[in-house]
Amino acid sequence: MCGIVGAIGERNMTPILLEGLRRLEYRGYDSAGIVTLDQRDNQLHRVRTVGKVQTLAERLQQEPARGSLGLAHTRWATHGEPSERNAHPHLSNNSIAVVHNGIIENYQELKTKLTAAGYQFVSDTDTEVVAHLTDQHLRQNGGDLLAAVRQTAAQLTGAYSLGVMCRDDPDRLIAARAGSPLVLGIGIEEHFIASDVFALVPVTQSFVFLEEGDIAEVQRERFTIYDRDGNAVERPLSYAGQMGGTAGKSGYRHFMLKEIFEQPTVVAETLEGRVHQGRLLEDSFGPEAGPLFDQVQGVHIVACGTSYHAGLVARYWLENLGIPCTVEVASEYRYRRSVTPPNTLFVTISQSGETADTLAALRAAKERGYLTTLAICNVAESSLVRESALTLLTRAGREIGVASTKAFTTQLVALRLLALLLGRCHGLSESDETALARDLELLPKALERALALHEAIERMAESFAEKHHALFLGRGPQYPIAMEGALKLKEISYIHAEAYPAGELKHGPLALVDADMPVVCVLPKDGLLEKVLSNLQEVRARGGELFLFADSEVDTHLSGVSTHVLSLGAVPESIAPIVFTVPLQLLAYHVAILKGTDVDQPRNLAKSVTVE
Ligand code: G6P
């Protein structure tokens, strides 16, 4: 996933392009680049750097590039390592400049032909073929840039959005969309293009979303959009204010998507001041926590919905460190007689801290002889926090999407901290604690890598839109993650989804598997991997279509048209449940978009259920 921005007007566009890139950094930041056409010398000025947009901004201080026409790009590498040579914009004959988001699948074949025609390739990217092809068509068609891009686009297969400009044509830039998002920003005597609205909000509030197959000719005073058949078409104008409060959504289409993308930041914030140089700080749970934690011999977790799933993951973590743990939904716990073993810590988990069942469970627990009560909660002023003896606040910020996302991953972080602290009292060595705490510090980056699968998952979602059921599989701590993935899909797409521990499949649900039952599975590199792969073979043997999210070090030994695998990079086992949650959230989101449901406020549900 990459981000592109383009601008044409009268003023120097470099600062606008740079700000746009900063706002698109969530889409990738292994390298960045800008090209401008400077009217003073009629030359293209290109500056590219490896690393974040800030590095590009600093380089531009020494090596200015200015112009009223320009393109810029922030990259997440697919073809070719992150390097200056592979960074966009790509040029052909110092005359055509191209920025690209997506993948050109037939680039190898095009490259061979272009090489035979005398073009020299200087990068390993798929994008460079677009620059040379455009140049080739431009030479053949007598200099019509729009026609050249149209001819080029007709030869490309894959998913892409493109921005193209030409040194010898200073009055236009061309934008094309086929599979990757692209929006036009409408200014006064100036126009912009970008991968999303958020990039352009500082300069305009008016937008036109390109549709699949559209090519736009963008000039200072006007723009014209052509559909895939070359007919000039009108696309509706959208205003930032009408997009349901763009300010609140920061330009994202839905709060849920915004909240999914906030996870690297809020997870880092939840860790802030609680883990330092590989050591956990006991005071995170309050000054009185230390002596109490020393006495804990078991943990009882109670919660609802997504928060309950967080508790289920914690059970694997706690028991793995030798701490007995039970987990229960609050509405069950509150009404049954339960047994409280000595020195048991009662833990509630809640985003809102106001869920009626969870609060009632806490009040019941206070009569049941627990060592003490701990709330893991996102709202400091909530009833749950006020009524609990100990608190660990998640710092997810306000979560508005009814389907919980960032609250869940920050709950998992909080529970990981709890597990390691209690583990310390149960013989976890200092070196092991340090190694596991360091894993936690890797989380923000690992989450960003998972988010970079955004567009690939968007395409994957198409296979679900017409389905009525889906099966989610996981083993060990990934089983609750499968449950959470199934819950997300149910909540917002209304597709019936069920989660199973993969090993349980053969005891019944395998009977449901056929080509109409998509099977989703998360595959971190852990001790259960080979077992899960065998379970997946059982699915394949019954004609089931597999959608797998795997650690990059995992060889699934599965291939064929009915197996789709996306890699999340190498993820340490101890944080895998947190990271592998993200693709399942994105999958549910994109399926819901395709189904046209109300993503942020799905039918029949509420964010905080304060009645029984
Ligand atoms: C509602 C929401 C869920 C949430 C559950 C528990 O059902 O729709 O998303 O997981 O409540 O809420 P809590 O605020 O206690 O985490």
Side-chain angles (χ1 to χ4, degrees), residues 254-260 262-263 266 270 300-314 327-334 346-365 373-388 391-415 418 472 480-494 497 499 577-578 581-582 584-586 588-589 592 597-612:
H254 294 99
F255 282 109
M256 184 184 177
L257 190 62
K258 171 176 173 260
E259 288 157 3
I260 289 173
E262 281 173 347
Q263 290 176 113
V266 295
T270 301
H300 198 162
I301 298 176
V302 169
C304 300
T306 288
S307 300
Y308 166 67
H309 292 158
L312 290 175
V313 176
V327 188
E328 192 165 357
V329 289
S331 53
E332 285 297 308
Y333 172 83
R334 63 184 287 194
F346 185 80
V347 179
T348 52
I349 309 170
S350 174
Q351 188 286 127
S352 62
E354 300 296 347
T355 302
D357 285 323
T358 309
L359 265 175
L362 171 64
R363 288 168 189 156
T373 58
L374 165 69
I376 291 178
C377 187
N378 198 37
V379 181
E381 312 69 28
S382 63
S383 309
L384 199 71
V385 169
R386 285 200 309 269
E387 294 184 29
S388 299
T391 301
L392 186 71
L393 287 176
T394 48
R395 299 178 187 144
R398 195 159 165 236
E399 191 182 66
I400 293 171
V402 166
S404 186
T405 52
K406 62 177 181 171
F408 178 67
T409 43
T410 54
Q411 285 167 351
L412 289 177
V413 169
L415 288 160
L418 177 67
F472 284 71
I481 298 306
M483 294 170 79
E484 176 59 11
L487 177 64
K488 289 284 92 75
L489 192 70
K490 277 185 275 209
E491 280 178 310
I492 59 169
S493 79
Y494 316 147
I578 307 173
T581 297
V582 173
L584 303 186
Q585 296 169 339
L586 286 169
Y589 174 80
T597 58
D598 187 343
V599 171
D600 283 334
Q601 294 180 314
R603 69 185 183 199
N604 305 342
L605 301 180
K607 181 75 191 150
S608 176
V609 184
T610 54
V611 291
E612 195 180 342

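When a ligand or atom number is given, it counts from 1 through the structure's own listing order.
- The shortest N or O to N or O distance between Val402 and ligand 1 is under 3.5 Å.
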Subject >> side-chain contact (heavy atoms from CB on, under 4.5 Å) between Glu387 and Leu359, intermediate numbers included >> reply: CA-CA 9 Å; Glu387 294 184 29; Leu359 265 175; 4.2 Å; yes
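- Those atoms of ligand 1 that come under 4.0 Å of a heavy atom in Ser350, given as number and element, are 13 (P), 14 (O), 15 (O), 16 (O).
- Heavy-atom proximity to Thr306, at under 4.0 Å, picks out these atoms of ligand 1: 10 (O).
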Original post:
So Ser404 and Glu399, side-chain contact (heavy atoms from CB on, under 4.5 Å) or not? Walk me through it.
Top reply: CA-CA 7 Å; Ser404 186; Glu399 191 182 66; 3.0 Å; yes
**OP:** Show your reasoning for whether side chain to side chain donor-acceptor pair (under 3.5 Å) applies to Gln263 and Thr409.
**Re:** CA-CA 7 Å; Gln263 290 176 113; Thr409 43; 2.7 Å; yes
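- Nearest heavy-atom pair across Ile492 and Val599 is CG2-O, 3.5 Å.
- Counting the atoms of ligand 1 from 1 in the order shown, those under 4.0 Å from a heavy atom of Gln351 are 13 (P), 14 (O), 15 (O), 16 (O).
- Remark: Gln601 CD is loosely packed, at most 12 non-hydrogen atoms of other residues, nucleotides or ligands lying under 6.0 Å away.
- At a heavy-atom cutoff of 4.0 Å, ligand 1 is contacted by the side chain of Thr355 but not by its backbone.
- The shortest N or O to N or O distance between Ser352 and ligand 1 is below 3.5 Å.
- Ligand 1 lies less than 4.0 angstrom from a heavy atom belonging to Cys304.
- Looking at Gln411 next to ligand 1, no N or O pair under 3.5 Å apart turns up.
- Between His309 and Phe408, the ring centre distance reaches or exceeds 6.0 Å.
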